[in-house]
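A short worksheet on the structure shown next.
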Amino acid sequence: MPETAPAHAHPDEGARHGRLTARPALTASTAEPGTHHLTGQALLHVPQTPHPPTRLAVVLHGAGGTAEQALGWLSPHAATAHAMLLAPQSIASTWDMITGGYGPDVTRLDAALHETFTRTTVEPGHVAVAGFSDGASYALSLGVSNGDLFTAVLAFSPGFMAPLVRHGRPRFHISHGTGDRVLPIERCSRRLVPQLRKSEYPVTYEEFTGGHEVPRQTAAAAMRWWTGG
């Protein structure tokens, strides 16, 4: 089970190590269905469901992408998954880890998570991180570093991972197109998946016929895997 207490068992670990401090507060707040603008250009999508959703997935865009694009991959499946989606916008054209080291984007994401946990009810153990391309590499890295918050990682066509610390033991769903010419599968997911399994992380891996993309059926399968449906 994830930790419910604040993070940082080691006081020298912080944003520059990719560590997030926000945790679900089990408030009684419920955000209205729709897409809400949060601090730091983040978007919170709340699907229309019979009962307020209590799952949350952070969705990370690829290089040169936007928070709006990130929502588009999983929002068609959010209501079925009974899940809210939080899509932050990177400060630069891609995520801090890739451009110069953890820090600014971790801080921005942490603020958006704090705001989300204040405005909505999210159950501990039901928080995931997802991403495509550079966003998938970032999701893998943040997932390993913050497995005490994220219990699941959905990585669509990742290139690499570079965690500085490791906490918790999340499970992983990784997918990649066999014809990907941007991040070739042989150098990327076929290398990453054995590394994760060697470290004894649970990994579900899917290869599909296609390029550098998130097919609708692949996104749906990843969401079903996350929610157990």
Quick check with a 6.0 Å cut-off and a 45 degree axis cone: is Arg216 positioned over the face of Trp73's six-membered ring?
no

[Y] side chain reached by [X] side chain, heavy atoms, under 4.5 Å:
X      : Y      : answer
Arg19  : Val165 : yes
Leu164 : Tyr102 : yes
Val106 : Leu109 : no
Ser157 : Ser175 : no
Val203 : Arg171 : no
Glu32  : Val46  : no
Ser199 : Arg166 : yes
Thr99  : Thr94  : yes

Check against side chain to side chain contact (heavy atoms under 4.5 Å, CB included), Thr66 and His61:
CA-CA 6 Å; Thr66 65; His61 64 74; 5.6 Å; no

Heavy-atom pair with the smallest gap, counting every atom of [X] and [Y]:
X      : Y      : result
Pro170 : Pro202 : O-CD, 3.6 Å
Pro24  : Val122 : CB-O, 3.2 Å
Gly131 : Ala139 : N-CB, 4.0 Å
Pro88  : Val58  : CD-CG1, 4.1 Å
Thr227 : Arg55  : O-NH2, 3.6 Å
Gly62  : Ser133 : CA-CB, 4.3 Å

With a 3.5 Å distance limit and no angle check, can you tell me whether [X] reaches the backbone of [Y] through a side-chain donor-acceptor pair?
X      : Y      : value
Glu213 : Gly211 : yes
Arg191 : Arg187 : yes
Arg169 : Glu200 : yes

Is there a path from Phe150 to Tyr201 through hydrophobic residues (I, L, V, M, F, W, Y) whose side chains come within less than 4.5 Å of each other?
yes

Using a distance-only test with no angle check, is there a side-chain donor-acceptor pair under 3.5 angstrom linking [X] and [Y]?
X      : Y      : answer
His126 : Thr151 : no
His114 : Thr21  : yes
Ser90  : Trp95  : no
Glu206 : His176 : no
Tyr138 : Asp105 : no
His45  : Thr35  : yes

Do the side chains of Arg23 and Asp148 get close enough for a salt bridge, i.e. N-O under 4.0 angstrom?
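Yes, Arg23 and Asp148 are salt-bridged.
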
Identify whether the distance between the nearest side-chain nitrogen and carboxylate oxygen of Arg190 and Glu207 falls below 4.0 Å.
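A salt bridge links Arg190 with Glu207.
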
Evaluate Leu56 against Thr120 for side chain to side chain contact (heavy atoms under 4.5 Å, CB included), listing each step before the verdict.
CA-CA 10 Å; Leu56 177 71; Thr120 66; over 6 Å; no

Residue pair Met223, Leu154: steps toward the side chain to side chain contact (heavy atoms under 4.5 Å, CB included) verdict:
CA-CA 8 Å; Met223 291 289 271; Leu154 289 62; 4.2 Å; yes

Residue pair Thr116, Leu38: steps toward the side chain to side chain contact (heavy atoms under 4.5 Å, CB included) verdict
CA-CA 8 Å; Thr116 298; Leu38 305 186; 3.4 Å; yes

Roughly how far, to the nearest 0.5 Å, is the [atom2] atom of [Y] from the [atom1] atom of [X]?
X      : Y      : atom1 : atom2 : result
Leu20  : Asn146 : CG    : CG    : 4.0 Å
Phe160 : Cys188 : CZ    : SG    : 9.5 Å
Met97  : Met161 : CE    : CE    : 10.5 Å
Thr49  : Met84  : OG1   : CE    : 9.0 Å
Leu196 : Ile174 : CG    : CD1   : 5.0 Å
Ile185 : Phe208 : CD1   : CZ    : 8.0 Å

Arg16 atom CZ, neighbour heavy-atom count above 12 within 6.0 Å
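Not buried by this count: 12 neighbours or fewer within 6.0 Å.
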
Which of Val129, Leu142, Leu113 passes side chain to side chain contact (heavy atoms under 4.5 Å, CB included) with Leu149? Answer is Leu113

